[in-house]
4 protein chains.
Amino acid sequence: MRFNDTQPIFLQIADWVCERILARDWSPGDRIPSVRDLAVELEVNPNTVMRAYERLQQNEVIFNKRGIGYFLSEDAYPGVLAMRKTEFCEQELPLFFKKLSLLNISIKEIEEKYNQFQNSLNQGENEKEQ
Amino acid sequence: MRFNDTQPIFLQIADWVCERILARDWSPGDRIPSVRDLAVELEVNPNTVMRAYERLQQNEVIFNKRGIGYFLSEDAYPGVLAMRKTEFCEQELPLFFKKLSLLNISIKEIEEKYNQFQNSLNQGENEKEQ
Amino acid sequence: MRFNDTQPIFLQIADWVCERILARDWSPGDRIPSVRDLAVELEVNPNTVMRAYERLQQNEVIFNKRGIGYFLSEDAYPGVLAMRKTEFCEQELPLFFKKLSLLNISIKEIEEKYNQFQNSLNQGENEKEQ
Amino acid sequence: MRFNDTQPIFLQIADWVCERILARDWSPGDRIPSVRDLAVELEVNPNTVMRAYERLQQNEVIFNKRGIGYFLSEDAYPGVLAMRKTEFCEQELPLFFKKLSLLNISIKEIEEKYNQFQNSLNQGENEKEQ
DNA sequence: GTGGTCTAGACCACC
DNA sequence: GTGGTCTAGACCACA
């Protein structure tokens with residue numbers, strides 16, 4: 001696995017695990033690679049893998065059985081969604097807000113456009129149904 | 001200049017002109033490169049430059065004196081802003097809204113986070129003033 | 001034996017007896033130390049031991065043969081369990097419920113987490129069997 | 001500050017910050033000690049303080065301004081409550097559930113006792129009002 | 001064998 | 001100066 005420089009490695013590892021889950025490579029209850037094994041495989045420090053697993057556990061994507069290893073939780077899938085949401089709010093939203101002030105667009109304006117967007121979607125749905 | 005494949009070249013040229021304006025390389029009233037000269041310089045078809053200039057003229061960033069050339073309008077700077085805003089609303093906003101529904105985030109939530117974001121900015125400003 | 005200040009001494013003595021039973025130090029039908037002997041051994045007032053034995057007798061963990069002494073009842077083991085349960089419900093549960101309301105956690109939420117907890121236990125068991 | 005061995009140091013540091021907040025020693029918007037300063041003061045590795053601050057940031061108790069430092073968020077107080085809830089679910093709940101199975105008490109039984117507990121509370125309230 | 005914590009020390013980007 | 005990431009290596013508890 002190749003890492004890029006734009007994002008911390010431990011987040012890229014967490015992402016990689018999420019991709020495996022979304023791709024259904026692993027199922028709920030499956031044991032995932034041990035911290036040390038994955039560290040050797042990815043050629044990084046075990047601490048770095050640890051941080052990735054820590055994140056995933058806090059987001060209830062995986063859970064731990066002491067002395068045994070990490071396992072996919074039952075609701076790993078929605079957990080991944082929740083995690084993606086957190087990342088979106090922390091990384092993309094600030095950039096989005098900066099752009100708003102740069103272009104002198106108020107949040108009120110965004111709200112209006114959002115409602116228009118939703119309406120157009122709903123119309124599309126209704127036409128399909130008809 | 002290098003063009004990328006993700007966006008039409010004529011839009012990239014229009015963007016390049018906007019960058020010149022935002023960077024204050026050209027001033028209101030200045031004559032900008034002729035369609036043919038710029039086409040030679042950028043190694044593209046004159047029609048492509050033409051489409052870019054047309055777009056800029058529609059947005060009142062530049063205007064044309066028949067037989068003489070294109071000139072920066074007096075309010076080129078605010079014009080560029082308006083243009084950027086239009087592009088933003090047509091291209092980025094729909095993607096943004098789609099992502100919101102994908103991650104199950106309401107516009108209300110975005111509004112709250114925007115206010116938080118503004119507060120943290122203001123705090124930074126106030127500390128500077130003190 | 002050291003007593004702590006947080007709980008009445010007679011309850012701590014009753015607890016100590018229960019520990020002996022749960023640890024299988026004594027068997028059903030065995031005669032346990034006399035009130036006076038235990039009082040001397042633990043360096044407490046015989047009345048205090050008496051109160052402990054009374055409590056244990058109420059919970060049918062021990063029974064009394066007048067003039068002879070106290071004996072472990074046949075179902076001392078389940079009796080201790082029942083006793084522990086009563087104590088748990090009277091002492092720990094109210095604190096637990098208060099904490100729930102303090103942290104704004106609903107009983108429904110606890111139920112869900114309990115089911116998750118049971119699932120993870122079962123998974124561990126199944127793996128052992130395999 | 002003295003640390004005990006029963007809990008990781010970084011959690012004790014996070015707790016210490018929470019206590020400061022609950023005690024109103026620090027107010028929303030206040031800058032808290034820098035990672036390095038606190039590390040020197042508490043005689044621990046900066047990484048350890050970093051982990052504590054990381055936790056607090058994820059729980060939206062504090063936020064970061066790049067190159068400046070960490071600050072108390074506007075809703076630090078509710079954030080602390082949310083954090084306490086997480087800790088309760090991760091640490092105390094498992095012990096509670098183990099005790100339930102040890103004493104052979106079903107979750108259904110707990111639910112009933114909870115309702116009784118709530119009723120007794122409400123009656124107390126009503127009597128006060130009358 | 002598993003994960004969990006901590007230290008020491010390095011390097012980076014941002015302000 | 002600030003935080004953020006990573007490595008190397010140590011020690012611990014648990015299974």
Side-chain angles (χ1 to χ4, degrees), chain A residues 1 3-15 17 30-58 62-72 87 90-91 94-95 98, chain B residues 120-121 123-125 127-130, chain C residues 120-121 123-125 127-130, chain D residues 1 3-15 17 30-58 62-72 87 90-91 94-95 98:
Chain A
M1 182 181 179
F3 299 108
N4 62 53
D5 299 352
T6 59
Q7 219 188 359
I9 293 179
F10 79 94
L11 286 181
Q12 294 182 52
I13 294 175
D15 265 348
V17 172
D30 282 3
R31 179 168 181 271
I32 65 175
S34 81
V35 172
R36 293 186 226 264
D37 286 355
L38 193 54
V40 169
E41 190 187 327
L42 301 180
E43 297 177 337
V44 297
N45 188 290
N47 279 332
T48 306
V49 176
M50 192 73 212
R51 281 187 80 186
Y53 280 15
E54 218 168 82
R55 270 282 170 110
L56 293 165
Q57 188 170 29
Q58 277 183 348
I62 63 180
F63 67 93
N64 173 256
K65 289 186 197 166
R66 282 216 279 202
I68 305 178
Y70 280 95
F71 298 79
L72 278 205
E87 282 169 7
E90 285 174 358
Q91 290 169 23
L95 295 177
K98 272 176 194 162
Chain B
S120 72
L121 281 190
Q123 285 173 19
E125 287 299 312
E127 275 155 24
K128 267 190 187 172
E129 289 171 12
Q130 292 168 0
Chain C
S120 72
L121 282 190
Q123 286 174 16
E125 289 299 312
E127 275 154 26
K128 267 188 186 171
E129 288 171 13
Q130 292 169 2
Chain D
M1 184 181 177
F3 300 108
N4 63 54
D5 298 353
T6 59
Q7 218 188 0
I9 293 178
F10 79 94
L11 286 181
Q12 295 182 51
I13 295 174
D15 265 349
V17 172
D30 281 4
R31 181 169 180 269
I32 66 176
S34 82
V35 171
R36 294 187 225 262
D37 286 355
L38 193 54
V40 170
E41 190 186 327
L42 301 180
E43 296 176 340
V44 297
N45 189 291
N47 279 333
T48 306
V49 175
M50 192 70 212
R51 280 187 81 185
Y53 280 15
E54 218 169 81
R55 271 282 170 111
L56 292 166
Q57 187 169 31
Q58 277 181 349
I62 61 179
F63 67 94
N64 175 256
K65 289 185 198 167
R66 282 216 280 203
I68 305 180
Y70 279 96
F71 298 79
L72 279 205
E87 282 170 10
E90 285 174 359
Q91 291 169 22
L95 295 176
K98 272 176 194 160

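Throughout, a chain's letter reflects where its sequence line sits, starting with A, and its residues are numbered from 1.
D:Q57 places its CD atom 13 Å from the C1' atom of F:dT2, with the value rounded to the nearest Å. Put simply, OH on D:Y70 is 18 Å from P on F:dG1, counting in whole angstrom units. Between D:R55 atom CZ and E:dT5 atom C1' there is a gap of 12 Å when expressed in whole angstrom units. In this structure, A:I13 atom CD1 and F:dT7 atom C1' are separated by 13 Å, rounded to whole Å. A straight line from NZ of A:K98 to C1' of E:dC14 spans 11 Å, rounded to a whole angstrom. Atom-to-atom, CZ of D:R51 to C1' of E:dA8 comes out at 16 Å; the value is rounded to the nearest Å. In this structure, A:D5 atom CG and E:dC11 atom P are separated by 17 Å, rounded to whole Å. Atom-to-atom, CZ of D:F10 to C1' of E:dT7 comes out at 15 Å; the value is rounded to the nearest Å.
Side-chain contact check for A:F10 versus A:N47: every heavy-atom pair is 4.5 Å or farther apart.
Phosphate contact (OP1/OP2 of E:dT5, side-chain N/O of D:T48, threshold under 4.0 Å): absent. Side-chain N/O atoms of A:Y53 include none lying less than 4.0 angstrom from OP1 or OP2 on E:dT2.
Between A:Q12 and A:N4, the shortest heavy-atom distance links the atoms NE2-O, 2.7 Å. Contact between A:V35 and A:P46 at its shortest, heavy atoms only, is CG1-O, 3.5 Å.
Nearest to the side chain of A:R66, among F:dC14, F:dG3, E:dC14, sits F:dC14. Candidate nucleotides F:dG3, E:dC6, E:dG4 were compared by shortest atom distance to the side chain of D:I9, and E:dC6 ranks first.
Side-chain atoms of A:N64 do not come within 3.5 Å of backbone N or O of A:F71 as any donor-acceptor pair.
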Toss me the dot-bracket line for DNA chain E: Watson-Crick and G-U wobble, both under 3.5 Å, 5' to 3', using | for pairs to another strand and [ ] for crossers. ||||||||||||||.
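Along DNA chain E, the nucleotide closest to D:E43 and the one closest to A:S34 are compared, and the more 5′ of them pairs with A:S34. Looking at which nucleotide of DNA chain F each of D:N64 and A:P46 is closest to, the 5′-most match is held by D:N64. When each of A:V44 and A:G67 is assigned the nucleotide of DNA chain F with its nearest heavy atom, A:V44 is the one assigned upstream, toward the 5' end.
We find the CG-OG1 distance between D:L11 and D:T48 to be 11.0 Å, quoted to the nearest 0.5 Å.
Side-chain atoms of A:N47 stay outside donor-acceptor range of the base of E:dG3, with no qualifying N/O pair under 3.5 Å. Taking 3.5 Å as the limit, the base of F:dG1 and the side chain of D:R36 contain no donor-acceptor pair of atoms between them.
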Applying side-chain contact (heavy atoms from CB on, under 4.5 Å) to D:R31 and D:K65, what does each step give before you reach the verdict? CA-CA 10 Å; D:R31 181 169 180 269; D:K65 289 185 198 167; over 6 Å; no
Could you give me the CA-CA distance, side-chain angles and deciding distance for D:F3 and D:V44, then say whether side-chain contact (heavy atoms from CB on, under 4.5 Å) is met? CA-CA 11 Å; D:F3 300 108; D:V44 297; 3.9 Å; yes
